Amino acid sequence: MSQKLKAGILGGTGMVGQRFIALLENHPWFEVTTIAASPRSAGKRYEEAVGGRWKMDTPMPEAVKGLVVMNVNEVEAVASQVDFVFSAVDMSKEEIKAIEEAYAKTETPVVSNNSAHRWTPDVPMVVPEINPGHMKVIDFQKRRLGTERGFVAVKPNCSIQSYAPVLTAWKEFEPYEVVATTYQAISGAGKTFQDWPEMEGNIIPYIGGEEEKSEKEPLRIWGEIKDGVIVPAQSPAITCQCIRVPVLNGHTAAVFVKFKQKPTKEQLIEKLRNFSGAPQELKLPSAPAHFIQYLEEDNRPQVTEDVNYENGMGISVGRLREDTVYDWKFVGLSHNTVRGAAGGAVLCAELLKAQGYISAK
């Protein structure tokens with residue numbers, strides 16, 4: 001146990017914080033030694049602070065039940081206990097920016113699930129299979145912050161995971177215009193049906209800020225580092241609608257694509273099935289063995305059948321067919337709180353360790 005890196009979780013009592021704790025149970029590289037949350041939770045044992053609000057479908061790990069929750073605002077005290085932190089704090093965007101940089105300036109790497117720093121030019125926003133090279137911008141960020149090992153890295157929005165990897169697999173065919181509609185689970189809002197009974201049998205055609213994120217964030221992931229910042233790609237043009245649906249876990253996307261090249265269906269499926277990246281090459285602990293599966297059945301992917309593919313870290317794709325207006329259309333599915341949130345951040349942390357950016361203090 002002593003050889004594992006000591007991980008802290010900022011915002012550990014919320015849904016994403018709980019998902020971090022569940023995913024990190026028995027992790028081969030990381031051990032949760034510190035949990036920090038709001039002042040109202042500070043000083044309580046973790047089990048007491050969460051109370052009846054444990055939202056995972058697996059039991060609370062025994063190892064964290066007795067941990068005394070620290071005050072997330074006591075940055076120096078929390079940072080002194082850990083090698084790095086995961087961030088899932090529930091604050092305003094400006095407060096999150098400030099507190100994540102404050103932790104970084106204590107020489108504590110921050111791997112964030114939050115959106116606050118996704119557009120900070122020298123902060124990498126990474127899907128490890130797609131743009132692991134963007135972690136190199138950390139060297140420029142550390143110069144700005146005046147740190148030797150402290151930095152902030154983030155993962156992108158949960159809604160793009162079901163289609164951005166697919167478009168990446170098809171990059172050589174030059175997709176240039178994309179229409180996507182995402183059907184997003186209620187856990188993306190940090191809710192269960194107990195918390196949000198009005199969502200049962202209901203659809204809400206609006207999720208604040210989600211459409212802009214879904215249209216713009218893939219372009220940053222496909223961008224490149226120039227003069228110490230990440231410059232977003234210019235194409236493809238993406239337009240998106242985001243709809244909240246009565247599903248607990250799993251974001252589904254219905255996507256239409258135009259290509260400059262004219263791939264066949266067989267070529268497109270072959271690219272999906274063979275797509276892999278740094279996590280698979282490095283055999284990172286949380287990496288799916290096969291990142292994207294293609295399902296031939298007309299009625300797949302389905303949330304009930306496919307959301308936990310590769311322990312929730314894989315992407316499921318189906319219904320690939322020619323379109324009468326666009327070239328091709330498909331349906332994608334990803335687990336929004338595993339691959340799309342905490343699991344994606346854990347994979348980023350594993351990549352950062354493998355690349356030498358996270359180590360013992």
Side-chain angles (χ1 to χ4, degrees), residues 1-39 41-51 53-90 96 99-100 103-104 106-114 149-155 190 284-287 311-313 337-354 357-361:
M1 290 290 270
S2 60
Q3 294 180 343
K4 292 185 181 183
L5 295 179
K6 294 182 287 187
I9 299 175
L10 312 181
T13 57
M15 181 178 269
V16 175
Q18 292 177 24
R19 180 66 76 182
F20 274 122
I21 286 166
L23 289 173
L24 291 167
E25 185 179 19
N26 300 318
H27 191 282
W29 292 1
F30 309 141
E31 179 184 4
V32 177
T33 61
T34 304
I35 300 172
S38 66
S41 296
K44 299 176 182 176
R45 291 183 308 108
Y46 183 70
E47 186 176 29
E48 178 191 1
V50 172
R53 296 181 296 110
W54 181 255
K55 298 179 179 181
M56 300 298 101
D57 50 15
T58 54
M60 183 184 292
E62 291 294 328
V64 302
K65 286 183 177 179
L67 290 180
V68 176
V69 177
M70 299 185 73
N71 184 342
V72 73
N73 298 312
E74 295 177 358
V75 176
E76 294 281 351
V78 175
S80 69
Q81 304 293 310
V82 298
D83 295 314
F84 75 103
V85 295
F86 292 105
S87 177
V89 291
D90 183 12
I96 293 169
I99 201 167
E100 289 182 350
Y103 274 92
T106 69
E107 302 293 359
T108 304
V110 178
V111 182
S112 181
N113 183 72
N114 297 303
R149 70 187 299 281
F151 60 87
V152 179
V154 301
K155 51 144 287 297
L284 299 179
S286 299
N311 298 312
M313 290 296 288
T337 68
V338 180
R339 167 57 75 161
V346 170
L347 192 62
C348 282
E350 292 169 359
L351 176 65
L352 286 161
K353 179 185 181 298
Y357 286 103
I358 291 178
S359 58
K361 279 185 178 175

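Everything quoted here is computed from the prediction, not taken from an experiment. One is the number of the first residue; the rest follow in order along the sequence.
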Taking the side chain as every heavy atom from C-beta outward, state whether Thr13 and Arg53 have any pair of such atoms under 4.5 Å apart. yes
Roughly how far, to the nearest 0.5 Å, is the CG atom of Leu10 from the CD1 atom of Ile35? 11.0 Å
Leu352 vs Phe151 side-chain heavy atoms within contact, under 4.5 Å: yes
Which heavy-atom pair separates Asn71 from Ala36 by the least distance, and what is that distance? C-CB, 4.4 Å
A side-chain contact here means heavy atoms from C-beta on lying under 4.5 Å apart; do Lys65 and Glu48 qualify? no
Once rounded to the nearest 0.5 Å, what's the spacing between atom CG of Asn311 and atom CG of Leu23? 9.5 Å
State, with a plain yes or no, whether a side-chain heavy atom of Ile358 is found less than 4.5 Å away from one of Val111. yes
Give me the one residue out of Lys55, Arg19, Gln18 that meets side-chain hydrogen bond (donor to acceptor under 3.5 Å, both in side chains) with Thr337. Arg19
Search all heavy atoms of Ser112 against all heavy atoms of Glu100 and return the closest pair with its distance. OG-OE2, 2.6 Å
Backbone N/O of Gly12 and side chain of Tyr46: donor-acceptor pair under 3.5 Å: yes
Give the minimum heavy-atom separation between Thr106 and Tyr103, together with the two atoms involved. OG1-O, 2.6 Å
4.5 Å side-chain heavy-atom contact, Met70 and Thr34: yes
Specify the closest pair of heavy atoms between Ala22 and Met56, including all atoms of both residues, with the distance to one decimal. CB-CG, 4.1 Å
State, to 0.1 Å, how close Ala79 and Thr108 come at their nearest heavy-atom pair, and which atoms those are. CB-OG1, 3.4 Å
Heavy atoms, side chains only, cut-off 4.5 Å: are Val82 and Thr33 in contact? yes
So, the side chain of Glu107 versus the backbone of Gly150: is there a donor-acceptor pair under 3.5 Å, distance only? yes
Non-neighbouring partners of Phe20 that pass ring pair (Phe, Tyr, Trp, His ring centres under 6.0 Å), sequence neighbours left out: Phe86
pair Ile99-Asn73: side-chain heavy atoms closer than 4.5 Å: yes
Would you check if Val64 and Ile9 make a side-chain contact, meaning some heavy-atom pair closer than 4.5 Å? no
Could you name each residue pair satisfying side-chain hydrogen bond (donor to acceptor under 3.5 Å, both in side chains) that touches residues 342-353, not counting sequence neighbours? His27-Glu350, Ser286-Glu350
Which pair of non-hydrogen atoms, one from Phe30 and one from Val346, has the smallest distance, and what is that distance? CE1-O, 4.3 Å
Pair Lys361-Ser80, side-chain donor/acceptor within less than 3.5 Å: no
Within this structure, what is the CD-CE distance for the pair Glu25 and Met60, rounded to the nearest 0.5 Å? 11.0 Å
